[in-house]
Amino acid sequence: MTYCFQHALFVPVVFPSGIAPGAGSDQNVLLMARDGQGQVILRGSAIAGALLHAWHSYMKQFQPEGLQDDEAYFFGVAAHHQGGQESALRVMDAPLKMEAPGGLLRTHHLRNRHTGAVVDGGLFAMQAAPPQTTAVLSFFLRDVSTVPEPGREFLALLLHLLDGLILGGKPARGVGLVRIAADPAYHIFDLTDVNAYAAWLDLDRQWSEKRTFPPGENLQPLSAASRTQLELQVPLAIPRGQDLLIGDGQGLEHQIEPQKLVAADGQEYWQLPGASLRGLFRAWITRLAAREGLPVADSAKRHKERKGVWEGKIQPSAADYTGENLGWCFLPAAERSQALARTECPVAALFGSVFQAGRIHIFDAFAPIGAAKEQVRMHVAVDRITGGAAPHMLFDNAVLTASSAQSSPVFTVTIRIKSPQEREARWLRATLRALDLGLLRVGSSKASGRLALAGPVQASGPHHALFADLRPFT
């Protein structure tokens, strides 16, 4: 095959909430991918796979004709399928730029929505790059076309899909959102010209050895169609006289401390984990769906029937509340495979399962460290028989407080739903209103857990009109 043009595209990106490029696990700690020098990297294959999925969805909706042929040419075909075909697009590994080379260690858990207790075996930790981590993504396209326009349009479409894409592992934990940070650098070389060919080889070697951003032509993203995602910007603050505590394992000075971190820009921030809101929102939306008579997998009826496990009448592996059973939507063991698993649960369709990707993402939010006061609270466990203090059970924790609206940190939470249904947008609106009213409490029980809207919700995309009047309750 003779190539006529070589396209090169370099895109500076930022990960506002951080990213977790996975590379296996060590016991219950999920690790980040690293190169031979120990630097954290985002694999080019991971970028290509995410772009292929986004590109396939876009083409299926807006340009269905010739989909298979274009996909095979640009992204290739597996060797075991129809003889295989080499991909015209090459996506290189992207080193991540951040202050702490080891990244952050985050702790997460699974909570039973019926009892509020942490599920046995539901505690795990993961490494992640800090918020504001940056990288330069590089794309090389070998084009057999006799004119450069098709390849240029393809890369412009990739830019359109890249801004707002989710990369890396564990995006349900609130990380992975991609934003284009600056103008990309686009280069094109006519390979039929020996001087242009030499210039391409020089650029390829320079990038491989030095990884310095090569200035070039600015390529504008394709904007031929609107996005099919509902996106919300939700400002949340601590109401006056309330407090908030979302811990992250053992504290340094106290038993539990509010989460704070140093971002890649070197600044210190309070953190509101998107995963904490996700679990809370999932439990409340499950309740709303059940009230409408829909077949939710994690139903109150199933929880009541679980009494048979305690009495020895039901096998725990089939009915117990575990991460595996919840992930498989409590399907029978014979149906637990990717080929057979099916569920009509609307909550699983929105939040995902082990056999179906979720469509809602709630990302971590941050506030400057000086925007709130941290107070220390002392606690003691009381013996329920004697009424006295239990020995060795005196402990303390720190909380975030707000004495006024001006002293509270404001966490602007980004929420996105892919291809939302009207009822899903309606459930999300009701959940945000319940949070604003104080029906939903966030974080540890050692604080009030109050969060409220600090301003109007900014919405765009399908069903955005449902959020037009969603403002702080007065």
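Start at 1 with the first residue, then count along the sequence.
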| request: Give the C-alpha distance, both sets of side-chain angles, the deciding distance and a yes or no for side-chain contact (heavy atoms from CB on, under 4.5 Å) between F351 and I285. | output: CA-CA 10 Å; F351 287 88; I285 288 176; 3.9 Å; yes

| query | Can K418 and L230 be said to form a side-chain contact (heavy atoms from CB on, under 4.5 Å), step by step? | reply | CA-CA 7 Å; K418 180 181 178 181; L230 171 64; over 6 Å; no

| message | For R240 and Q242: C-alpha separation, side-chain torsions, deciding distance, then whether side-chain hydrogen bond (donor to acceptor under 3.5 Å, both in side chains) applies. | response | CA-CA 6 Å; R240 177 183 177 184; Q242 303 292 316; over 6 Å; no

| Stepwise, does the salt bridge (charged side-chain N to carboxylate O under 4.0 Å, His left out) test hold for R450 with D243? | CA-CA 6 Å; R450 276 287 277 124; D243 50 18; over 6 Å; no

| request: Applying salt bridge (charged side-chain N to carboxylate O under 4.0 Å, His left out), run through R429 and D469 and close with a yes or a no. | output: CA-CA 10 Å; R429 184 191 187 282; D469 61 342; 2.9 Å; yes

| message | Quick one, L272 with F366, criterion side-chain contact (heavy atoms from CB on, under 4.5 Å). Give me CA distance, side-chain angles, the key distance, then yes/no. | response | CA-CA 6 Å; L272 175 61; F366 310 92; over 6 Å; no

| said: Applying ring-ring contact (aromatic ring centres under 6.0 Å, His included) to F281 and W427, what does each step give before you reach the verdict? | reply: CA-CA 9 Å; F281 284 20; W427 290 340; over 10 Å; no

| task | With side-chain contact (heavy atoms from CB on, under 4.5 Å) as the test, would you mind laying out the steps for V410 and L236 before giving the verdict? | result | CA-CA 6 Å; V410 176; L236 297 175; over 6 Å; no

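A heavy-atom distance below 4.5 Å is not found between the side chains of V234 and Q458. S45 is not listed as a side-chain neighbour of V91, based on a closest heavy-atom distance of 4.5 Å or more. Here the side chains of L162 and L137 are in contact, with some heavy-atom distance below 4.5 Å. Considering only heavy atoms from C-beta on, I47 stays 4.5 Å or farther from L165 through its side chain. When side chains are defined from C-beta on, F355 counts as touching C329, because their heavy atoms get closer than 4.5 Å. At least one side-chain heavy atom of V178 sits under 4.5 Å from a side-chain heavy atom of F15. For the pair V399/L244, no side-chain contact is recorded, criterion being any heavy-atom separation below 4.5 Å from C-beta on. With a 4.5 Å cut-off on side-chain heavy atoms, L232 and V413 do not count as touching.
Side chains of T414 and E231: a donor-acceptor N/O pair is absent below 3.5 angstrom, by distance only. If you check the side chains of H379 and N397, you find a donor sitting under 3.5 Å from an acceptor. D298 and T286 share no side-chain donor-acceptor pair at under 3.5 Å.
Here R471 pairs with nothing under the salt bridge (Lys or Arg N to Asp or Glu O under 4.0 Å) rule; sequence neighbours left out. Taking H53 as the reference, nothing meets the ring-ring contact (aromatic ring centres under 6.0 Å, His included) condition, with sequence neighbours excluded.
Between the CD1 atom in I246 and the CG atom in L400 there is a gap of 9.0 Å [rounded to 0.5 Å]. Taking CD1 of I41 as the start and CG of D93 as the end, the distance is 4.5 Å to the nearest 0.5 Å. Rounding to the nearest 0.5 Å gives a distance of 6.0 Å between CG of L440 and CG of L435. Annotation: the span from R278 atom CZ to I415 atom CD1 amounts to 11.0 Å, rounded to 0.5 Å. Distance check: T133 OG1 to L42 CG gives 11.0 Å after rounding to the nearest 0.5 Å. Note that the CE atom of M59 and the CG atom of L161 stand 10.0 Å from one another [nearest 0.5 Å].
The backbone N or O of I180 lies less than 3.5 Å from a partner atom in the side chain of D163, making a donor-acceptor pair. Although no hydrogens or angles enter the test, the distance criterion places a donor-acceptor pair under 3.5 Å between the side chain of S17 and the main chain of D364. The main-chain N or O of L453 is found under 3.5 Å from a side-chain atom of D436 such that the two form a donor-acceptor pair. Remark: side-chain polar atoms of R441 are paired, donor with acceptor, to backbone N or O of S448 under 3.5 angstrom. Side-chain N or O atoms of Q267 include none that pairs as donor or acceptor with a backbone N or O of I369 at under 3.5 Å. Q259 contributes a side-chain N or O that, together with a main-chain N or O of G247, makes up a donor-acceptor pair within less than 3.5 Å.
Across E422 and H463, no two heavy atoms sit closer than the pair N-NE2, 3.5 Å. Of all non-hydrogen atoms in G164 and L177, the two that sit nearest each other are O-CD1, 3.7 Å. Closest non-hydrogen pair, A237 versus A454, comes out as CB-CB, 3.8 Å. Here the closest non-hydrogen pair linking Q338 and W328 is N-CH2, 4.3 Å. Contact record, A425 with F467: O-CZ, 3.4 Å, taken as the closest heavy-atom pair. In plain terms, the two heavy atoms of Q127 and A20 that are nearest each other are O-CB, 3.6 Å.
Atom CD of E344 has 12 or fewer neighbouring heavy atoms from other residues, nucleotides or ligands inside a 6.0 Å radius.
Within the structure, side-chain hydrogen bond (donor to acceptor under 3.5 Å, both in side chains) pairs that include any residue of residues 352-361 comprise R359-E424 (at least two apart or interchain).
Using cut-offs of 30° and 60° for the angle between ring planes, the F154 and F74 rings count as parallel.
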